[in-house]
Amino acid sequence: LKEENAVLRSKINKLQILSETQADKMRRLEKKLEENKIKEEREAQDLEAMVQHVEQNLQLMTKRAVKAENSAAKLRQENALLQTELRNSKLENEALRAGQAGLAAAKQNAEVALHHLLQVTTSSRASIRQLLSGAESLQLVADLLKSIDRISEV
């Protein structure tokens, strides 16, 4: 009976050691689980902040693109007006040549109009390039938002 009792005590000791080991392991796993939850929450907050930042940038870029489009439209109108003015100046120049009166003044007017037209044309081209660049940036941000949505869904 003493021998059986000793064997049972030995088994109890082993089971207690095993139980303590498993309890320690369980506490470590619970702690790790809590750490992972906190880490995931931080990552989710960081991702949300990044999404908000991207959305703000998208709104800003949209405003810039609209402004650039409006500017380009104004420049096109001004360009058309200047081209009309240039045509009128050329017609006036031809009339003056035919009449031999005021040739120098008409030539100067035509040169001034041409100079303005060239300036507006150059400015229009730059604005159109800027508008295209803005549109490409908007497309890039839209693609980025799509990727973020996919990441969020995963």
Side-chain angles (χ1 to χ4, degrees), residues 7-96 105-154:
V7 170
L8 288 175
R9 282 186 186 150
S10 173
K11 285 184 180 180
I12 288 174
N13 285 338
K14 287 180 185 177
L15 288 174
Q16 284 177 339
I17 291 171
L18 180 63
S19 175
E20 289 173 8
T21 304
Q22 287 179 347
D24 286 342
K25 187 175 182 179
M26 188 165 177
R27 281 189 291 276
R28 285 189 307 248
L29 288 174
E30 286 174 345
K31 184 179 178 182
K32 191 172 184 178
L33 178 63
E34 187 62 31
E35 289 171 356
N36 284 343
K37 283 181 182 179
I38 292 170
K39 183 180 176 183
E40 285 180 10
E41 287 175 7
R42 268 185 277 162
E43 288 175 354
Q45 290 172 352
D46 290 345
L47 184 60
E48 181 64 29
M50 186 176 73
V51 168
Q52 289 176 354
H53 182 68
V54 168
E55 286 174 350
Q56 289 172 351
N57 285 343
L58 180 61
Q59 289 174 349
L60 181 62
M61 293 172 99
T62 302
K63 287 179 184 178
R64 286 180 182 169
V66 168
K67 186 177 179 180
E69 286 176 3
N70 291 338
S71 177
K74 287 178 184 178
L75 290 172
R76 283 189 202 107
Q77 288 175 347
E78 189 176 339
N79 191 6
L81 290 174
L82 288 173
Q83 285 179 350
T84 303
E85 185 179 325
L86 178 63
R87 276 189 236 112
N88 291 339
S89 295
K90 286 181 180 179
L91 291 174
E92 184 181 335
N93 192 12
E94 289 175 10
L96 289 174
K107 184 175 181 181
Q108 185 179 2
N109 287 343
E111 287 176 1
V112 169
L114 179 60
H115 179 70
H116 287 299
L117 178 62
L118 291 175
Q119 285 179 339
V120 169
T121 302
T122 303
S123 176
S124 296
R125 286 184 181 148
S127 294
I128 290 171
R129 279 190 212 105
Q130 184 182 15
L131 176 62
L132 290 175
S133 174
E136 290 173 358
S137 296
L138 284 174
Q139 182 62 45
L140 178 63
V141 170
D143 292 341
L144 180 61
L145 284 175
K146 286 180 186 176
S147 296
I148 290 172
D149 285 343
R150 287 189 203 125
I151 290 171
S152 296
E153 288 175 7
V154 170

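Rounding to the nearest 0.5 angstrom, the gap separating the OG atom in S133 from the CE atom in M61 is 7.5 Å. To the nearest 0.5 angstrom, E43 atom CD is 11.0 Å from Q45 atom CD. Going from atom CD of Q77 over to atom CG of N79 covers 11.0 Å, rounded to the nearest 0.5 Å. For the atom pair CD1 (I12) and NZ (K14), the distance works out to 12.5 Å, reported to the nearest 0.5 Å. Atom CD of Q83 sits about 9.5 Å away from atom NZ of K90, to the nearest 0.5 Å. In this structure, OG on S124 lies 10.5 Å from CZ on R129, to the nearest 0.5 angstrom.
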Problem set entry | side chain to side chain contact (heavy atoms under 4.5 Å, CB included) evaluation trace for D46 with M50 | CA-CA 6 Å; D46 290 345; M50 186 176 73; over 6 Å; no

Exercise. side-chain hydrogen bond (donor to acceptor under 3.5 Å, both in side chains) between D143 and Q139: does it pass, once the steps are laid out?
Worked result: CA-CA 6 Å; D143 292 341; Q139 182 62 45; 3.1 Å; yes

For this session: Test side chain to side chain contact (heavy atoms under 4.5 Å, CB included) on E85 and L82 and set out the steps.
Result: CA-CA 5 Å; E85 185 179 325; L82 288 173; 3.8 Å; yes

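Annotation for A72 and I128: closest pair CB-CG1, 4.4 Å, computed over non-hydrogen atoms. The shortest heavy-atom contact between A113 and S89 is CB-OG, 4.1 Å. Pairing each heavy atom of L138 with each of A65, the nearest pair is CD1-CB, 3.7 Å.
Within the structure, every pair that satisfies the side-chain hydrogen bond (donor to acceptor under 3.5 Å, both in side chains) test and touches residues 55-67, not counting sequence neighbours, is listed here: H53-N57.
Using a 4.5 Å cut-off on side-chain heavy atoms (C-beta onward), N88 and E92 make no contact.
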Would you list the atom pairs, donor with acceptor, under 3.5 Å between side chains in residues 18-42 and any protein atom, with sequence neighbours excluded?
| unit_1 | atom_1 | unit_2 | atom_2 | d |
| --- | --- | --- | --- | --- |
| T21 | OG1 | I17 | O | 2.7 |
| D24 | OD1 | R27 | NH2 | 2.1 |

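When the side chain to side chain donor-acceptor pair (under 3.5 Å) test is applied to Q119, the partners found at least two apart in sequence or on another chain are H115.
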